[in-house]
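Have a look at the structure below, then the notes.
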Protein chains: 2
Amino acid sequence: MKLPVSTEWLLHCAASLAQLEAGATASAAQLAQYFDLPAAYLAKQLQALVKAGVLAATTGPRGGFRLARPASEITLLQIVEAVDGAASPYECREIRQQGRGALPAEECQNPCILAAKMAEAHEAWRNSLATTSLSEIIAALPPSAPSRTRLRLTGTP
Amino acid sequence: MKLPVSTEWLLHCAASLAQLEAGATASAAQLAQYFDLPAAYLAKQLQALVKAGVLAATTGPRGGFRLARPASEITLLQIVEAVDGAASPYECREIRQQGRGALPAEECQNPCILAAKMAEAHEAWRNSLATTSLSEIIAALPPSAPSRTRLRLTGTP
DNA sequence: GGTCCGATACTCGGATATCAGGTGTCCGAGTAGGGGCGG
DNA sequence: CCGCCCCTACTCGGACACCTGATATCCGAGTATCGGACC
C-alpha cells in the first residue's frame, strides 16, 4: 500500500496556492521551481486536481492554476483522492465463493465480514483526512509564511 | 494506494486456520484448493506471515501452517502489515526544504504539518484494524462454519 | 512380536521470469498579452 | 493621441518511453511417516 510520490507534491502545491491572493495564479513551472520538482510530470498530476474540481486552470500568459473553491472547503481527502483515486485499497473478490470451500450463495447475502472490517478501516482513514481543510493547514503556519510564499512563488508580494 | 491481492487471500487463510482444532495444520496446497488460488504464489505469501510470527510452519508429511498464537491475540492489522509492510503509505520527503521556496532548517524542527496529518490518518486506519482479532471474526460466522471448514479444508471433521 | 533402519513422498523455502502501473518526458492546441500600424 | 489588428510567447492538455515492484512459477533442502527386514 503506497501512495504516489506526487501526493506530497500536490498537497504542498495546494497549500501554496491557498496562500496566494484570491484570483492569483501560479504556473506549473513556478510550482516546480518552488519545490525543485520535474515540471512536466508535476503538470500532468496537477491535471488530476483540475479534473477533480479542486483546482482551476487558465491557459495563456499570466495563466496557471488556482484554487477552484475557498480553502476552507477543500479537504486533504479531496486532494489525496484526486491524485490516487477514491477506490478502497482492499478489493474483495469474493474468494469465499470459489474453490472447494465455496459458500452457497444464500450465505453470501451479507457482505464478507473481512471486507466489511477493511472497509471500516478505510472509512476511518477517509474521515481523518476529511476533517482537515486547507485553511486549517494555512492557519497552523507562521504568520509570515503567506507573504514569503507569494514572494518566492510568483514574485509578487 | 492499493493493497496486494494476496491480502485478501491471507486474511481468509488465517481465518480458516483459526477454525481448525488447536495444533492442527493445513498445507499451502490445501488452502489453495480451498479458495481456488495459485498454490505456489500462495505459499510464497504465507512465508511472510511466518516471518511476522503470525503463523508457524512445519515441514514434512502431515505438516503445514497453523496459527502461532491464540486467535484472540492475532489482529487484522498484524496480518495486513505482515504481507504489505508496516510503512506508512505517505512518505514525507521534506520537499519544503528544497527548491526556491526552501524553508530554513530552524523552521523545520517540527515535522511537516501535512505529513503529520497524513500520519494521523494512517494511525486511525491502523487502530481500526487493530481493534478486531481473528477470534471476533470467527465469532461472527454461523455456528456451523468451523465444522464445515475443517471438513472441506483438511478432510477431518 | 518388537524394534530398528531405510526409502519415500510430502512439506516449506528461496531463486527466477513476466507484466502492470507509477514515473518521467515530450510535443501539440489554445489563448491572453504586447507591439506595431493606421486613423 | 487613440483604437484596432496581428504576432508572439507562454500556458495547459494529452500522447509516448522507462523502470520498479507485485504477480506467477519452478526447483531444491529438509523431515516425519510408512514399510520392510532383522533380532
Among [options], the one nearest [X] by side-chain distance:
X: B:A40; options: D:dC26, C:dC12, D:dA24; value: D:dC26
X: B:V50; options: C:dC12, C:dG34, C:dG13; value: C:dG13
X: B:S27; options: C:dT11, D:dT23, D:dG13; value: C:dT11
X: B:P61; options: D:dT23, C:dA9, D:dG13; value: C:dA9
X: A:P4; options: D:dG14, D:dT25, C:dG22; value: C:dG22
X: B:F65; options: C:dT31, C:dG13, D:dG13; value: C:dG13

Between A:Q30 and A:R152: side-chain donor-acceptor atoms closer than 3.5 Å = no

A:E94-A:Q97 side chain donor-acceptor pair, cut-off 3.5 Å = yes

For residues B:I138 and B:Q19, report the shortest heavy-atom separation together with the two atoms involved.
-> CD1-CG, 3.5 Å

Closest heavy-atom pair, A:S133 versus A:S72, reported as atoms and distance to 0.1 Å, is CB-O, 3.6 Å

Between atom [atom1] in [X] and atom [atom2] in [N], what is the gap in whole Å?
X: A:L37; N: C:dT25; atom1: CG; atom2: P; result: 11 Å
X: A:Q30; N: D:dT11; atom1: CD; atom2: C1'; result: 11 Å
X: B:E91; N: C:dG22; atom1: CD; atom2: C1'; result: 14 Å
X: A:R66; N: D:dT11; atom1: CZ; atom2: P; result: 17 Å
X: B:L42; N: C:dG13; atom1: CG; atom2: C1'; result: 14 Å
X: A:D36; N: C:dG24; atom1: CG; atom2: P; result: 12 Å
X: A:W9; N: C:dG22; atom1: CH2; atom2: P; result: 13 Å
X: B:L55; N: C:dG13; atom1: CG; atom2: P; result: 10 Å

Would you classify [X] as touching base, sugar-phosphate or nothing, given that sugar-phosphate means primed atoms plus P, OP1 and OP2, and contacts are heavy atoms under 4.0 Å?
X: B:A29; result: nothing
X: B:A43; result: nothing
X: A:P38; result: sugar-phosphate

ring-ring contact (aromatic ring centres under 6.0 Å, His included) between A:F35 and A:H12: does it pass, once the steps are laid out?
-> CA-CA 9 Å; A:F35 291 115; A:H12 280 273; 5.7 Å; yes

Is any side-chain N or O of B:Q47 closer than 4.0 Å to OP1 or OP2 of C:dG14?
-> yes

A:Y41 vs C:dT25: side-chain N/O to OP1/OP2 distance below 4.0 Å = no

Pairwise 5' ranking along DNA chain D for A:K2 and A:K44, keeping only the more 5' one | A:K44

